[in-house]
Amino acid sequence: MPELPEVETVRRQMENLLLGTIITKNTCRHARYQVPDLTGCVITGVRRRGKYLLLDIQDRGVLLMHLGMTGQLLWNAEIKQHVHFELSTNKGTLYFRDPRRFGFVRLLEQGDSVPRTLRRLGQEPGEELSVKKAAAILIKGQSPIKARLLDQRAVAGIGNYLADEALHAAKVHPACRAVTTRQAMRLVRAINKIVMLSIEHGGVSERDYVHLDGGRGGYQNLLRCYGRNGKPCFNCGTELTKIVVAGRGTTFCPKCQKI
DNA sequence: ACTACGTCCTGCGAGC
DNA sequence: TGCTCGCAGGACGTAG
């Protein structure tokens, strides 16, 4: 469930703690979190692209991390169960917990080609995003619009809750296969707005996601659609409905979001 | 090329 | 009370 706002929130905290530190040890406890020994290397950058975290490791490459569904990055892990990767530095240790092991950690060595999924990522949400360009990608194709929002190619970093929230805000039916340019532009603007707001509130802490210090985000209390099935739509009072689109649980308002 | 679907994995809550 | 079962979903592989 960690989506762009959640990853960005931990990125900011990691940047404060890890930038300029020296790695003293790294421990890998599972194949999905396998990284060569980085002892002595300096962390020179803490970046994010979509839902991926990228730690620049001086003279070695980039440490690529994805939180998957249940991934947690913790500065001091109280619960050691499901900790698959540890990165110790001269300032402290970063623990990667991931009960369901959908996440991963790997090192992109200097000279390695950039993985395809990273290359295919669309624009980052934000003020510099070209709404027209993203909308042009979004209107292409025959799949349900929600599937196209989730495939990362129009805008990077969207997951299930951002998709449901944006579709509701833009009044587009999640199963709609033919969206207009006008609808697509509404969607992209909604994404921008929701991403910004969610980051401001430290993201959504619904089940597993927590901050580096174990703290929780607050945006789960401001969700207008996702997870509110059976409850009234804030716009029209109609009961929100849950269906499956693109294999994902999808909540929407049958009155506001018509095909 | 695009689209659809199965797979990975564990915790949790509903229902009996 | 204790069990089983279904569901949660990001990315990827494969099939059509």
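Each chain gets a letter, A, B and so on, in the order its sequence line appears, and its residues count up from 1.
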Once you apply a heavy-atom cut-off of 4.0 Å, does [X] come out as touching a base, just sugar-phosphate, or nothing?
X: A:Arg120; answer: nothing
X: A:Gly249; answer: sugar-phosphate
X: A:Arg248; answer: base
X: A:Tyr52; answer: sugar-phosphate
X: A:Tyr226; answer: sugar-phosphate

- For A:Pro99 and for A:Arg148, locate the closest nucleotide of DNA chain B by heavy-atom distance; then report the residue assigned to the nucleotide nearer the 5' terminus.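 The residue mapped nearer the 5' terminus is A:Arg148.
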- So which one's nearest nucleotide on DNA chain B is more toward 5', A:Arg177 or A:His82?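 Mapping each residue to its closest nucleotide by heavy atoms, the 5'-most match is A:Arg177.
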- For A:Arg97, side-chain contact (heavy atoms from CB on, under 4.5 Å) partners two or more places apart: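 If we apply the side-chain contact (heavy atoms from CB on, under 4.5 Å) test to A:Arg97, skipping adjacent residues, the hits are A:Gln72, A:Leu74, A:Ile79, A:His82, A:Val83, A:Pro99.
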- Item | With sequence neighbours excluded, residues passing side-chain contact (heavy atoms from CB on, under 4.5 Å) with A:Ile139 |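 Listed in chain order: A:Val179, A:Thr181, A:Ala184.
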Which distance, rounded to the nearest 0.5 Å, do you find between the [atom1] of [X] and the [atom2] of [Y]?
X: A:Met65; Y: A:Leu73; atom1: CE; atom2: CG; value: 5.5 Å
X: A:Asp208; Y: A:Asp98; atom1: CG; atom2: CG; value: 8.5 Å
X: A:Asp164; Y: A:Leu240; atom1: CG; atom2: CG; value: 10.0 Å
X: A:Asn90; Y: A:Ile43; atom1: CG; atom2: CD1; value: 9.0 Å

- Message: Ignoring hydrogens and geometry beyond distance, is the side chain of A:Arg207 in donor-acceptor contact with the base of C:dA8 at under 3.5 Å?
- Response: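 No such pair is found, so the answer is no.
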Rounded to whole Å, please give me the gap between [atom1] in [X] and [atom2] in [N].
X: A:Leu67; N: C:dA11; atom1: CG; atom2: P; value: 10 Å
X: A:Asp151; N: C:dA11; atom1: CG; atom2: P; value: 10 Å
X: A:Arg101; N: C:dA11; atom1: CZ; atom2: P; value: 19 Å
X: A:Leu150; N: C:dA8; atom1: CG; atom2: C1'; value: 14 Å
X: A:Leu149; N: C:dG10; atom1: CG; atom2: P; value: 12 Å

- Task: Classify the ring geometry between A:Tyr52 and A:His66 as parallel (under 30°), tilted (30 to 60°) or perpendicular (over 60°).
- Result: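 A:Tyr52 and A:His66: perpendicular rings.
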- Tell me which residues in residues 136-144 of chain A put a heavy atom below 4.0 Å from DNA chain B, sorted by number, or none.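 Contacts with DNA chain B under 4.0 Å: A:Gly141, A:Gln142, A:Ser143, A:Pro144.
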Test item: [X] and [Y] side chains (from C-beta on) under 4.5 Å apart, heavy atoms:
X: A:Leu138; Y: A:Met185; value: no
X: A:Leu108; Y: A:Val114; value: no
X: A:His84; Y: A:Arg32; value: no
X: A:Leu212; Y: A:Asn16; value: no

Enumerate all atom pairs, one protein N or O and one N or O from nucleotides 13-15 of chain C, separated by less than 3.5 Å.
none

- Query: If only side-chain N and O atoms of A:Gln152 are considered, is one of them under 4.0 Å from the OP1 or OP2 phosphate oxygen of C:dA11?
  - Reply: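 For A:Gln152, the contact criterion (side-chain N or O under 4.0 Å from OP1 or OP2 of C:dA11) is met.
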Salt bridge present between [X] and [Y] (N-O < 4.0 angstrom):
X: A:Lys51; Y: A:Glu6; value: no
X: A:Arg11; Y: A:Glu8; value: yes
X: A:Glu165; Y: A:Arg224; value: no

- Task: Determine the minimum heavy-atom distance between A:Glu3 and A:Ile158, stating which atoms define it.
- Result: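 Minimum heavy-atom separation between A:Glu3 and A:Ile158: OE1-C, 4.2 Å.
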- Message: I need the residues from residues 6-14 of chain A with at least one non-hydrogen atom less than 4.0 Å from DNA chain C; give them sorted by number, or say none.
- Response: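 None - not one residue of the stretch has a heavy atom sitting under 4.0 Å from the strand.
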- Name the first nucleotide and the last nucleotide along DNA chain B (5' to 3') that come under 4.0 Å of a heavy atom in chain A.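 Boundary nucleotides touching chain A, in 5' to 3' order, are B:dC2 to B:dG11.
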- If you pin A:Thr117 and A:Arg100 to their nearest nucleotides in DNA chain C, which one's is more 5'?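 The 5'-side residue here is A:Arg100.
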